[in-house]
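Notes follow the structure.
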Amino acid sequence: MNDSAYNRVLTASRALKELADRPLKFMEVCGTHTVSIYRSGLRTLFPSNVSLVSGPGCPVCVTAQDEIDTVVRLAGMEKVAIATYGDMIRVPGSSLSLAQARALGASIHVVLSAAGALDLARRLPDMTVIFAGVGFETTAPATAAVVLEANRYGQDNFLVLNFHKTVPVVLETLAMDPALALDGFLLPGHVSTILGLSPYAPLAAEYGLACVVAGFEPEQIMAGLVLLALQNREGHFSVQSAYPQAVRPEGNKRAKALLEAVFEPADAKWRGLGLLPGSGLKFRPPYSHFDARIRLGLVDFPAPEPAGCRCGDVLTGRIHPSECPLFGCPCTPEEPVGPCMVSSEGSCAAVYRYGRSEFR
Amino acid sequence: MCLAIPHTLIAITGPKTAIGRAGTVEVEVRTDLIDTPAMGDHVLVHAGFAIERLLPDEAAEVEALWESIRAHSVTASHE
Ligand code: SF4
């Protein structure tokens with residue numbers, strides 16, 4: 001951390017102390033925020049009346065168990081190759097993880113980009129390449145871009161398992177939860193780069209919750225918390241950005257136009273929250289032949305979550321990872337029981353790696 | 001997974017592709033999601049796609065944010 005970042009964190013921590021005149025409970029929505037907060041030890045600078053709970057912003061973690069099982073099942077099929085982001089590979093399925101399926105001989109390829117998945121389809125013309133499309137609004141425009149490209153070039157051996165989910169709807173669900181009793185959301189920086197600020201407006205206007213978009217450096221997170229405390233102190237709730245470097249109020253119009261062209265809202269299943277209407281994306285009819293579920297006639301088989309795993313409660317801020325009886329024994333990043341301990345953005349992994357001393 | 005890394009575009013290689021540099025690492029970056037990408041642009045790259053141009057930390061918007069935070073911090077340190 002350079003000098004000026006150091007000073008900014010210090011300045012913001014003083015301001016937070018000044019402004020938090022009653023107990024305040026905020027949710028950091030994004031898994032990347034969670035990791036940054038634990039890795040930096042930022043909590044040690046919070047006044048004792050400010051608490052932060054983790055939310056559902058880890059795309060791999062919120063992918064439902066039956067969705068994980070569907071990818072694993074497809075991986076076992078003849079002439080099928082799976083392309084996936086690396087975080088998915090070790091998530092335990094009901095019988096196997098993708099990593100275990102690969103060890104058994106399944107064709108599973110880690111890609112860094114949706115474009116890499118389409119490249120794979122070009123290189124393997126005799127295989128059906130299925131891209132596991134996880135991610136929020138930050139990631140979905142890339143899927144939209146490659147589907148347009150696949151459509152243009154008639155790349156018919158390229159399919160997408162569309163697990164994309166959208167953030168504002170799930171936040172409204174959490175805003176309504178009386179058990180959570182939140183005072184505001186620290187909103188995800190890069191989802192908001194795409195969306196801009198207006199999709200969150202109902203959270204402030206209808207639910208009376210402070211809403212502030214923040215970046216991922218410690219001083220940017222602290223700036224977000226200061227604005228959240230300020231809105232609560234003034235009793236005036238709105239959607240603000242503490243991340244002007246990357247977030248324009250109107251969002252990224254090009255990316256939004258791509259999303260709009262390729263996808264339409266659909267119901268989506270979330271780990272821990274179940275089926276939420278309008279919280280996902282499905283292909284519009286001109287692109288539905290890229291939908292693996294439609295092309296392969298797939299049905300999802302309901303699958304129970306791993307026995308004893310409390311990821312659902314962790315992802316909705318109802319418990320802290322250390323309150324899961326399996327945390328640390330037997331569940332560790334090396335031997336994960338649930339996805340929150342696997343993903344680099346999972347709260348359980350973040351607390352295990354960086355935050356255990358705070359909760360001993 | 002929503003991690004995005006700042007890159008500088010050092011070459012435009014096609015209508016939708018560029019080379020981005022972050023530190024000493026150079027990678028292909030898709031530029032579909034930004035208007036008129038140009039060499040020297042500072043962009044945020046997520047999963048291989050540039051998702052936005054970055055304003056520098058010295059930008060007026062960033063300064064104004066910290067000015068308002070400082071104002072509340074000053075009150076605190078005088079108490
Ligand atoms: S500690 Fe492991 S078992 Fe418990 S909620 Fe987290 S991932 Fe699931």
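Chain naming here is simple, since letters A, B, ... match the order of the sequence lines and numbering starts at 1 in each.
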Taking side chain as everything from C-beta outward and backbone as N, CA, C, O, which of these in [X] sits under 4.5 Å from a heavy atom of chain B? Side chain, backbone, both or neither.
| X | answer |
| --- | --- |
| A:L112 | backbone |
| A:L148 | neither |
| A:V35 | neither |
| A:E149 | side chain |
| A:L230 | side chain |

(request) Please find out if less than 6.0 Å separates the ring center of A:F136 from that of A:H190. (result)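 Centroid separation for A:F136 and A:H190: 6.0 Å or greater.
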(request) Taking the six-membered ring for Trp and the full ring for Phe, Tyr or His, determine whether the centres of A:F163 and A:F131 are under 6.0 Å apart. (result)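 No: the rings miss the under 6.0 Å criterion.
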Chain A heavy atoms under 4.5 Å from [X]: which part of the residue, side chain, backbone, both or neither?
| X | value |
| --- | --- |
| B:L54 | both |
| B:I51 | both |
| B:A4 | both |
| B:E63 | side chain |

(request) Between chain A and each of B:K16, B:H42, B:R30, B:E28, count heavy-atom pairs under 4.5 Å; write down the option with the most. (result)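 Top option by heavy-atom pairs under 4.5 Å: B:R30.
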Answer with yes or no whether the side chains of [Y] and [X] bring together a donor and an acceptor at under 3.5 Å.
| X | Y | result |
| --- | --- | --- |
| A:Y243 | A:T193 | no |
| A:S36 | A:S40 | no |
| A:T32 | A:E345 | yes |

(request) Step through the shown structure and confirm whether more than 12 heavy atoms of other residues, nucleotides or ligands are within 6.0 Å of CZ on A:R122. (result)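 Yes - once you tally the heavy atoms of other residues, nucleotides and ligands closer than 6.0 Å, there are more than 12.
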(message) If you count heavy-atom pairs within less than 4.5 Å of chain B, which of A:K253, A:Q245, A:K256 leads?
(response)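 Of the options given, most contacts go to A:Q245.
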(message) Shorter than 4.5 Å, heavy atoms on both sides: which option in A:P244, A:G86, A:A257 has the most such pairs with chain B?
(response)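 Option with the greatest count: A:P244.
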(message) Between A:R233 and A:E18, does any NZ, NE, NH1 or NH2 come within less than 4.0 Å of an OD or OE carboxylate oxygen?
(response)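 A:R233 and A:E18: salt-bridged.
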(request) Please determine if A:R254 and B:D32 form a salt bridge, counting it only when a charged side-chain N lies under 4.0 Å from a carboxylate O. (result)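 Result for this pair is no, no salt bridge flagged.
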